[in-house]
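Structure first, then comments.
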Amino acid sequence: MPGLSSLGPLKVTAWRSGSRVPVATDLAIGETRIPAPAEPFIVLVPSTISSLQQMWDALRMPSRNNLLVTGESGSGKTTLVRYLGEVYRQALLVMAAGLHDSRAAAHAAERAGSFQTRILTFHENLRRSDITERRHYGETGEEKTGWTMSDVMDGMVAGDWNVLSEINRTGEDVQAEFNEPLENKAKSLHQRVIRGHPDSRFIATVNPQKSEGRGIYEGKVMSGEFVNRFTNKVHLGFLPPDEEFEVLKNYGPGVDDTILDRLIAVANDIRRDYAEEHGVVPFPVTTRGLIRVIRHLARFPEDGSLLRSLFWRKAYWLDDRIHPPIARKLVLDLLDLHDIVDTGTRQREHSRVVREEGGNARRLRIGSVAYPLGPGGPYVPDTEIEEVPQNLADLEWILKDIALGENILLIGEAGVGKNKIESYLAHLLNYNLLVIGMSGETRVSDLLTYRSFGEDEAGKTGDTATLGLRALTDPDHGWIIVLDEANKAQPGVLVSFNDLLQDRSVRLPGGSEVSVRASICVNINPNRPPYEVNDFSFEFMDRFSIHTIVHLPPGEAVEVLKRKYPGADPDFVSDVVQGYYILHPLYSSGMLFEPVTMR
């Protein structure tokens with residue numbers, strides 16, 4: 001079986017005609033032809049093919065084959081690396097099938113079947129020992145208590161590709177652990193030297209650094225000598241308009257072309273301002289955000305009349321108390337210029353359970369969306385809220401995101417009802433609800449694994465999945481998982497979820513990778529006084545549909561209280577609500593110690 005360095009270049013062997021540019025359908029590595037892999041899904045427009053070819057040429061070099069991929073959030077760095085790994089794996093399978101020696105063919109097929117593209121997400125809380133080793137207490141590490149190799153070292157030995165995602169978010173001490181593997185494909189570990197497979201590769205991805213004028217990213221400036229170990233560098237920029245159109249059209253073939261053109265035009269105007277030295281917008285519009293808009297319109301075409309609302313929920317976000325007023329004015333002017341507007345309003349019926357035509361399956365319907373009910377379970381809440389118009393609108397938007405498989409971010413001040421909305425929706429869907437409260441003491445390991453000492457997992461000592469990890473991957477029961485007050489946690493804890501949120505997959509303690517099945521909601525308070533919270537990085541927020549939850553209008557608040565307390569004097573209820581709306585801004589301005597809320 002030929003080694004990676006002896007394989008030929010990556011070529012396109014067949015194209016199809018797209019709406020505006022050609023799209024590759026068949027590829028070849030050297031003379032080995034393969035259909036373009038279906039997963040992960042990528043539209044192979046010419047710029048994407050060029051980037052893949054540059055990466056492949058770097059990785060097939062006989063030495064000095066470490067690769068550094070740079071680009072803005074949402075430009076596809078990790079996805080392209082995963083895709084190239086799948087191209088390589090399928091090429092190995094084709095080559096194995098062509099071998100005449102049965103033993104060699106079986107060995108080659110085994111090598112192809114075991115190959116992985118392993119993602120290690122870097123963050124501020126990553127320790128040096130996480131890179132090289134993990135601790136075991138008897139049953140796992142060759143029946144001995146002590147240190148065994150980490151997932152990174154396992155990958156180096158197996159000949160896998162190790163993707164060091166957002167490596168510039170960690171410190172020099174952690175980066176130094178890679179000096180030896182990057183230089184020699186080897187690592188001194190305790191009393192032995194671990195030698196890597198000749199086909200193993202290290203691929204690092206980074207977002208722009210703060211020194212480049214991109215303060216929205218939390219990455220640090222890496223030392224020149226560390227960067228120099230990545231002798232091959234590929235930069236990914238935003239696609240040309242016609243190619244971005246082609247990508248979006250593949251996600252929404254039925255969406256009107258003029259809508260795609262208008263969205264791309266406003267996105268490019270915002271990107272140009274963001275790139276300027278004295279630009280006023282805080283971050284760009286990413287292709288990933290536009291894809292969320294188009295996927296929504298493809299599933300719910302009636303929301304084409306709410307295009308501006310979709311833009312703010314799916315592709316962009318501003319807080320007027322954080323970002324300069326001129327930023328919102330510019331974005332609003334650009335939306336007007338490109339006719340990104342809402343042209344209608346909608347009256348929503350109350351939630352109800354309906355049956356599918358010709359069947360017995362039951363679905364929850366809110367407004368224009370219907371979604372299957374879950375099978376229930378021990379953690380289904382019994383929460384009830386009043387379905388006043390604003391609550392119904394929030395419920396409908398969030399249920400649509402659940403139907404689309406989106407990650408959901410709720411931003412709102414204390415007491416606006418973020419948890420209530422999620423709990424009520426879980427109740428209506430007959431879904432289990434798991435709320436994970438987060439704080440400055442929350443660690444990455446608290447969310448996914450814990451250390452057991454023999455009693456769990458069939459008597460084995462080692463890493464055991466938490467309820468959170470089991471809920472994330474449960475294939476049999478519906479779950480909504482809420483990371484509550486998430487921006488109280490240290491930034492590195494949230495960054496560790498970046499690739500899980502993007503790829504919807506997670507690696508279990510035993511090393512296998514499984515799909516994420518649960519709907520993930522993240523709740524945060526605004527990042528401004530009086531809330532004592534940490535910054536959210538742009539690359540984290542860019543993985544979500546964002547819903548700003550606000551206080552009920554005074555009339556709806558009065559209606560809720562009158563329904564809940566029918567015996568209360570109506571004038572007194574109105575006075576309480578009026579006082580509440582007068583007092584609440586005093587907390588936001590720091591004059592009151594405690595917020596005045598509907599609670």
Side-chain angles (χ1 to χ4, degrees), residues 47-48 51 54-55 58 66-84 117 119-126 162-172 174-175 178 202-224 226-227 229-230 232-239 244 267 270-277 279 281-292 315-317 323 407 409 487 490-503 527 534-544 546:
S47 293
T48 300
S51 297
Q54 291 178 60
M55 293 180 189
N66 305 314
L67 173 62
L68 179 66
V69 184
T70 63
E72 299 279 359
S73 176
S75 57
K77 299 182 292 295
T78 305
T79 303
L80 270 116
V81 172
R82 276 187 175 273
Y83 189 85
L84 192 57
T117 302
I119 309 293
L120 174 65
T121 303
F122 280 71
H123 50 83
E124 293 85 342
N125 304 112
L126 200 67
N162 284 305
V163 181
L164 316 178
S165 180
E166 300 182 36
I167 193 171
N168 58 330
R169 290 195 65 113
T170 193
E172 289 189 4
V174 174
Q175 293 170 6
F178 282 97
F202 286 99
I203 306 163
T205 67
V206 299
N207 293 312
Q209 301 163 354
K210 286 188 175 181
S211 65
E212 301 171 16
R214 298 293 184 263
I216 59 172
Y217 298 108
E218 298 300 317
K220 303 166 185 173
V221 178
M222 296 185 291
S223 67
F226 181 73
V227 173
R229 297 183 188 278
F230 294 91
N232 306 280
K233 300 174 179 67
V234 175
H235 178 75
L236 302 180
F238 292 114
L239 294 172
E244 191 164 34
I270 291 173
R271 291 164 185 168
R272 274 190 289 271
D273 181 83
Y274 168 73
E276 291 178 359
E277 182 179 356
V281 296
F283 31 75
V285 177
T286 66
T287 302
R288 181 161 50 204
L290 294 180
I291 288 172
R292 283 195 293 269
Y316 214 69
W317 173 80
H323 304 116
N407 306 309
L409 180 64
N487 51 345
Q490 296 301 315
V493 175
L494 299 174
V495 171
S496 68
F497 275 80
N498 278 0
D499 292 300
L500 179 153
L501 294 168
Q502 176 174 308
D503 300 325
N527 184 14
N534 296 303
D535 281 338
F536 255 21
S537 68
F538 169 63
E539 61 266 37
F540 182 78
M541 294 187 70
D542 187 45
R543 287 163 166 79
F544 290 88
I546 300 177

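Note that the structure is predicted; figures quoted are calculated from it, not measured. Note: hydrogens, waters and symmetry copies are ignored here, and every other heavy atom, side chains too, is used. Position 1 is the first residue of the sequence, and the numbers go up from there.
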Under a 3.5 Å threshold, yes or no: a donor from one side chain and an acceptor from the other, between Thr79 and Gln502? yes
Which heavy atom of Ser165 sits nearest to which heavy atom of Ile119, and what is that distance? CB-CG2, 4.1 Å
Contact between Leu501 and Phe544 at the side-chain level, heavy atoms closer than 4.5 Å - yes or no? yes
Salt bridge between Glu244 and Arg288, side-chain N to carboxylate O under 4.0 Å? no
Between Leu120 and Val163, is there a side-chain heavy-atom distance shorter than 4.5 Å? no
Cut-off 3.5 Å, side chains only: do Thr286 and Asp542 have a donor facing an acceptor? yes
Would you find a donor on one side and an acceptor on the other, under 3.5 Å apart, between the side chain of Lys77 and the backbone of Gly71? yes
Is a side-chain donor or acceptor of Asn232 paired with a backbone partner of Asn66 at a separation under 3.5 angstrom? yes
Taking all atoms of both residues into account, what is the closest heavy-atom pair of Phe540 and Phe497, and its distance? CE1-CB, 4.3 Å
Determine, for Arg543 against Asp503, whether the closest basic-nitrogen to carboxylate-oxygen distance falls under 4.0 angstrom. no
Pairwise side-chain contact, Tyr83 with Thr48, heavy-atom cut-off 4.5 Å (strictly under): no
Quick one: does Asn168's side chain have a donor or acceptor within less than 3.5 Å of a partner on Val206's backbone? no
Could you tell me whether the side chain of Val234 reaches within less than 4.5 Å of the side chain of Thr70, counting heavy atoms only? no
Side chains of Phe238 and Arg271: closer than 4.5 Å at any heavy-atom pair? yes
Is the shortest heavy-atom distance from the side chain of Pro282 to the side chain of Tyr316 under 4.5 Å? yes
Is a side-chain N or O of Arg292 found less than 3.5 angstrom from the main chain of Ala315, in a donor-acceptor match? no
Within 45° cone and under 6.0 Å: Arg229 NZ/CZ vs Phe178 ring: no
Under a 3.5 Å distance rule, please check whether Thr205 uses its side chain to pair with a backbone N or O of Glu166 as donor and acceptor. yes
State whether the side chain of Ser75 and the backbone N or O of Glu72 hold a donor-acceptor pair below 3.5 Å, judged by distance alone. yes
Contact check, side chains of Ile203 and Phe230, non-hydrogen atoms, under 4.5 Å: no
Working to the nearest 0.5 Å, report the span between CZ of Phe122 and CD1 of Ile167. 4.0 Å
Do His323 and Val281 touch side chain to side chain, with heavy atoms closer than 4.5 Å? no
Nearest non-hydrogen partners of Asn207 and Ser73, listed with the distance: OD1-N, 3.6 Å
Roughly how far, to the nearest 0.5 Å, is CE of Met55 from NZ of Lys233? 14.5 Å
